[in-house]
Q: 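Shown below is the structure under consideration.
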Number of protein chains: 2
Amino acid sequence: MPTIFTRIINQELPAKIFYETDVLLVIADHRPKDKVHLLIFPKTEYRNLIETPSDVLQQLFEVVKIIAKKLELEDHFRILINNGYGQEVDHIHLHFLSDRGPDKLTFLDD
Amino acid sequence: MPTIFTRIINQELPAKIFYETDVLLVIADHRPKDKVHLLIFPKTEYRNLIETPSDVLQQLFEVVKIIAKKLELEDHFRILINNGYGQEVDHIHLHFLSDRGPDKLTFLDD
């Protein structure tokens, strides 16, 4: 059974896409816990942080830096990675959170 | 002014050291927010996640995997990185958190 993130990648489920590369996707969390709450995940379905190869992790963090710059939040965000503990989808994802940032994010499909 | 982490590295301040390599240190958080609360940081004083080079980040996460394995927590931990937002020490550090794990951690100097 593909994860909901894989189904989003396959366009079987809708999502607000903020940023995309060949290897990863950035979407809005549909139940935001903060003013800005984005999810960054690879298109390949790694179950958790432990199973994610080092080079993929590196790419995820490169995009963290890109997003922070786009949102002018380079000095004010946090990254949370739940590995089993609090993890709701068995597909590695980084939470990008901030209580600052633009009132309305602009998405690729806006 | 060196950060408290640099002062720990320089042995000017005490800390419970859990793991050490040439490039990084893992210590117990002195105000734990969870059953297991470790801090992983590079010996070089990068201000935050944004300023930390990719290869250093990669090494920090390699050690996350090592720690998870040591503690038998590969399926149950989370990583938090505060970048400006909630960050108390201006020296990049990863919080390794779990509500499970051994009742008493064994440190290098035990």
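To find a chain, count down the sequence lines: A is the first, B the second, and so on, and within it residues start at 1.
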Q: Please check if F5(B) and V56(B) belong to a single hydrophobic cluster, counting links between Ile, Leu, Val, Met, Phe, Trp and Tyr side chain heavy atoms closer than 4.5 Å.
A: no
Q: So which part of F61(A) gets closer than 4.5 Å to some heavy atom of chain B, the side chain, the backbone, both or neither?
A: side chain
Q: Heavy-atom cut-off 4.5 Å, strictly under: side chain, backbone, both or neither for R100(A) against chain B?
A: neither
Q: For E51(B), is it the side chain, the backbone, both or neither that has a heavy atom under 4.5 Å from a heavy atom of chain A?
A: neither
Q: If you round to the nearest 0.5 Å, how far is NE2 of H76(A) from CG of N82(B)?
A: 9.5 Å
Q: Distance from I81(A) atom CD1 to F96(B) atom CZ, nearest 0.5 Å?
A: 11.5 Å
Q: Transitively linked via ILVMFWY side-chain contacts under 4.5 Å: F77(A) with F107(A)?
A: yes
Q: Considering only heavy atoms and a distance below 4.5 Å, find which of T52(B), N48(B), L57(B), L80(B) pairs most often with chain A.
A: L80(B)
Q: Does Q11(A) CD have over 12 foreign heavy atoms under 6.0 Å away?
A: no
Q: Under 4.5 Å heavy-atom distance to chain B, tell me which part of D34(A) shows up: side chain, backbone, both or neither.
A: side chain
Q: Determine the minimum heavy-atom distance between Y85(A) and R78(B), stating which atoms define it.
A: O-NH2, 3.5 Å
Q: Please determine whether residues L60(A) and I17(A) belong to a single hydrophobic cluster, defined as Ile, Leu, Val, Met, Phe, Trp and Tyr linked transitively by side-chain heavy-atom distances below 4.5 Å.
A: no
Q: Between L13(B) and I9(B), is there a shared hydrophobic cluster once you connect ILVMFWY residues whose side-chain heavy atoms come closer than 4.5 Å?
A: yes
Q: Would you say NZ of K104(B) has more than 12 non-hydrogen atoms from neighbouring residues, nucleotides or ligands within 6.0 angstrom?
A: no
Q: More than 12 heavy atoms of other residues, nucleotides or ligands under 6.0 Å from NZ of K69(B): yes or no?
A: no
Q: Under 4.5 Å between side-chain heavy atoms, hopping through other hydrophobics if needed: is there a path connecting V64(B) to V26(B)?
A: yes
Q: For E74(A), does its backbone N or O pair with a side-chain atom of N83(B) as donor and acceptor, under 3.5 Å?
A: yes
Q: L49(A) versus chain B, heavy atoms under 4.5 Å apart: side chain, backbone, both or neither?
A: both
Q: With a 4.5 angstrom heavy-atom cut-off, which part of Q87(A) approaches chain B: side chain, backbone, both or neither?
A: neither
Q: Let me know which of Q58(A), K65(A), Q59(A) forms a side-chain hydrogen bond (donor to acceptor under 3.5 Å, both in side chains) with S54(B).
A: Q58(A)
